[in-house]
Structures are given as structure tokens and as C-alpha cells.
Amino acid sequence: MKIFCMSDIHGHLDAFEDALKLVLTRLDDPDTKLLLMGDYIHDGPNGRRVIDRIIGLQEKYGAEKVMALLGNHEELILWKLASIDDANMPYDGDSAENKKYVHWMSKLPRYYSEGNTIFVHAGIDEEAGDLWEWGTSDEIFTGKFPAETGKIEGIDMKVVAGHIGTSSISGAPDFHDIFYDGASHYYIDGTVSVSGVIPVMMVDTEKDKYYKVTEKGFIPVLPYVEKK
């Protein structure tokens with residue numbers, strides 16, 4: 001299976017559409033999926049329209065083909081039983097339209113795994129080893145902080161996550177690309193509010209290969225090397 005994934009759209013519809021251009025023409029292949037990894041809303045101007053776009057894609061391709069995970073900002077809405085406006089979705093009542101969005105969020109899973117890869121918004125409880133599915137709390141799946149790097153002991157799998165900008169993880173303020181620690185973790189939150197870009201990664205789960213998706217094709221994701 002070839003899984004195209006992106007995370008942390010945060011209401012930035014134009015950047016989302018740019019990222020989708022790299023993916024949608026490839027979804028006709030039955031061996032492909034698009035996996036969206038949470039935080040569709042927050043600081044961008046079009047949170048409602050981003051969710052509408054995702055729902056439309058699911059209606060067109062099927063929810064098994066275009067999958068969406070729960071992020072911490074969607075979870076916050078659910079905690080507050082909140083509704084949505086075009087800016088940052090604060091609580092403003094219980095209209096039928098707002099209930100539609102809340103219902104959609106309430107059905108989002110916290111993680112997805114395929115082959116050798118765990119896809120999740122924030123992370124897993126790595127101390128749980130191969131019992132990570134049962135040993136990880138809901139709050140860790142959506143809100144784990146800080147990001148972990150290095151080899152995960154007791155489990156022969158990789159974790160692909162968003163949630164924390166790769167500039168923070170790398171320690172390089174201008175780095176907004178895919179971060180790979182060379183061991184067990186790939187992070188793909190490119191801080192779209194700063195960079196204007198949503199990185200897209202493709203995971204070939206049969207070959208256990210990880211690629212950055214660009215207009216020119218697939219580029220293997222290599223371990224991050226600090227610039228000197």
C-alpha cells in the first residue's frame with residue numbers, strides 16, 4: 001500500500017489545495033490511500049472549509065480511501081462540545097450545521113497502522129513496546145509533548161506524526177520540511193502558518209520506504225543532518 005499523508009492543516013485551505021494537487025491524481029490507483037493526520041482547524045481562516053473539503057473527498061473516494069485522524073484541536077472542540085466559525089471554531093451554539101462538524105470529529109480514529117508504520121497525530125507511549133495500542137492513553141495519541149526521537153525499544157515499527165513543528169524538533173527555525181531521526185520517527189508538521197507549505201509524505205508500506213512527494217516525483221526521506 002502507498003499511503004500519502006499530511007498533517008496540521010490548521011485552516012489554511014490554499015496550502016491544503018496545493019498539497020492535494022500532489023496526491024489526488026494518484027488516488028485512482030487501488031493500491032493508494034490519503035491519510036490526513038489531524039489539526040484541520042485552529043489559526044487559519046478557513047477551518048470550516050478545510051473540513052468541508054475533507055468530507056467531500058471522503059464522499060467522492062470513500063472514507064477507507066481518504067482517511068482522517070483526530071488531532072488535539074479537534075479533540076478540544078469535542079471537549080467543549082463546541083461549534084465552528086470560519087476563523088478558529090470557538091463555541092457559538094448548537095445549530096444543525098455545527099452539529100454536523102462535531103459529529104464528523106467525534107468519529108475520527110486516534111491512529112492508523114499499516115505494515116511497519118504507525119500513523120498518529122502526536123505519538124504513542126513508547127515505553128509500552130509492542131503493547132502500544134493498549135498502553136497509549138487518548139491524550140498521548142493526540143497531544144504527546146515533547147516529541148521523542150531515537151530508536152523505539154521493544155517494537156520494530158516506525159511512527160509518523162505531526163503536532164509539533166519540525167523546526168522545533170530539528171532546532172532549526174527555518175526548517176519546515178519532513179524530519180526523520182534516522183531511527184524510528186518521522187515528523188511532518190511544517191508549521192504552515194509560517195512556511196505556507198504542508199509537506200506531503202508517501203509511505204510504501206510493503207517496501208518500508210518513505211518519500212517526500214514533490215511536483216517532480218518522490219524523493220527518499222533521509223535522516224536530518226544539523227547544518228553547521
Side-chain angles (χ1 to χ4, degrees), residues 1-41 44 46-71 73-74 100-101 103-121 141 157-163 166 176-180 185-190 192 195-222:
M1 182 66 65
K2 296 178 177 61
I3 299 180
F4 295 87
C5 53
M6 61 184 85
S7 187
D8 295 87
I9 299 163
H10 287 294
H12 291 268
L13 182 62
D14 290 344
F16 185 36
E17 293 291 356
D18 288 342
L20 287 175
K21 290 176 184 177
L22 302 174
V23 176
L24 294 184
T25 58
R26 307 176 190 275
L27 289 185
D28 291 332
D29 184 339
D31 193 39
T32 61
K33 289 183 180 181
L34 170 59
L35 180 59
L36 306 168
M37 294 169 45
D39 278 9
Y40 313 110
I41 59 177
N46 293 302
R48 185 198 305 266
R49 292 175 63 192
V50 165
I51 293 180
D52 283 340
R53 183 70 163 115
I54 297 169
I55 292 173
L57 290 171
Q58 291 181 325
E59 290 173 345
K60 179 178 180 179
Y61 293 99
E64 297 297 318
K65 186 80 166 179
V66 176
M67 304 177 66
L69 302 182
L70 185 71
H73 285 287
E74 290 77 48
K100 177 187 75 171
Y101 294 111
H103 177 74
W104 180 80
M105 292 178 192
S106 71
K107 301 298 182 182
L108 298 178
R110 293 179 182 273
Y111 65 89
Y112 176 75
S113 63
E114 179 97 22
N116 195 41
T117 307
I118 302 164
F119 301 88
V120 62
H121 179 65
F141 282 129
M157 299 185 79
K158 307 289 197 313
V159 170
V160 176
H163 185 53
T166 56
H176 302 292
D177 209 336
I178 297 167
F179 177 92
Y180 173 41
H185 304 84
Y186 292 83
Y187 291 102
I188 63 172
D189 177 1
V192 62
S195 69
V197 175
I198 298 170
V200 181
M201 188 164 75
M202 189 276 280
V203 181
D204 186 331
T205 61
E206 292 184 6
K207 298 180 179 179
D208 192 26
K209 300 290 185 181
Y210 301 76
Y211 302 91
K212 177 182 178 180
V213 183
T214 73
E215 293 180 350
K216 296 181 179 180
F218 301 153
I219 301 173
V221 179
L222 301 177

Test K158 against D208 for side chain to side chain contact (heavy atoms under 4.5 Å, CB included), laying out the working first. CA-CA 9 Å; K158 307 289 197 313; D208 192 26; 3.7 Å; yes
How close do Y211 and V221 get, heavy atom to heavy atom, and via which atoms? C-CG2, 3.6 Å
Rounded distance (nearest 0.5 Å) linking atom CG of D31 with atom CE of M1: 5.0 Å
Counting C-beta onward and ignoring hydrogens, is there a side-chain heavy-atom pair between L69 and F141 closer than 4.5 Å? no
Ring-plane angle category for F179 and Y187, please: parallel below 30°, perpendicular beyond 60°, tilted otherwise. tilted
Separation between CD1 of I219 and CE of M202, rounded to the nearest 0.5 Å: 12.0 Å
Donor-acceptor pair, N46 side chain versus R49 backbone, under 3.5 Å? no
Mind checking whether E17 and L24 have side chains closer than 4.5 Å, heavy atoms only? no
Does the T32 side chain pair with the main chain of R26, one donor and one acceptor, at a distance under 3.5 Å? yes
Report the C-alpha separation of V192 and D8 in whole Å, then their side-chain angles, then the decisive distance to 0.1 Å, and conclude whether the side chain to side chain contact (heavy atoms under 4.5 Å, CB included) test is met. CA-CA 8 Å; V192 62; D8 295 87; 5.9 Å; no
Evaluate whether atom CG of D14 has more than 12 neighbouring non-hydrogen atoms of other residues, nucleotides or ligands under 6.0 angstrom away. no
Which heavy-atom pair separates I188 from M37 by the least distance, and what is that distance? CD1-SD, 3.8 Å
Over all heavy atoms of both residues, which pair between L34 and L27 is shortest? Give the atoms and the distance, please. N-CD2, 4.0 Å
Does S195 use its side chain to pair, donor to acceptor, with the backbone of G190 at less than 3.5 Å? yes
Kindly indicate whether the side chain of I41, heavy atoms from C-beta on, has any atom under 4.5 Å from the side chain of M105. yes
Apply ring-ring contact (aromatic ring centres under 6.0 Å, His included) to Y186 and Y210, showing your working. CA-CA 9 Å; Y186 292 83; Y210 301 76; 4.2 Å; yes
Side chain of S7, backbone of D189: donor and acceptor closer than 3.5 Å? no
Between K65 and D29, which heavy-atom pair has the shortest distance, and what is it? NZ-O, 2.6 Å
When you compare the side chain of Y40 with that of Y101, does any pair of heavy atoms fall below 4.5 Å? no
Which heavy atom of T214 sits nearest a heavy atom of L22, and at what distance? C-CD2, 3.7 Å
Interatomic distance, CG@L20 vs CD1@I54, rounded to 0.5 Å, equals 8.5 Å
Does any non-hydrogen side-chain atom of M157 lie less than 4.5 Å from one of V159? no
Would you mind reporting whether I3 and T117 have side-chain heavy atoms less than 4.5 Å apart? no
Atom CD in E74, atom CZ in R110: separation rounded to 0.5 Å? 11.0 Å
Is the side chain of D39 donor-acceptor paired with the backbone N or O of H10 at a distance under 3.5 Å, no angle test? no
Interatomic distance, L13 atom CG to I51 atom CD1 [nearest 0.5 angstrom]: 11.5 Å
Which residues pass the ring pair (Phe, Tyr, Trp, His ring centres under 6.0 Å) test with H121, not counting sequence neighbours? H163
Between A15 and G196, what is the shortest heavy-atom contact and its length? CB-O, 3.6 Å
Yes or no on side chain to side chain contact (heavy atoms under 4.5 Å, CB included) for Y180 and K212, after CA distance, side-chain angles and deciding distance? CA-CA 11 Å; Y180 173 41; K212 177 182 178 180; over 6 Å; no
Distance from K209 atom NZ to K2 atom NZ, nearest 0.5 Å? 13.0 Å
Taking the side chain as every heavy atom from C-beta outward, state whether M6 and V23 have any atom pair closer than 4.5 Å. yes
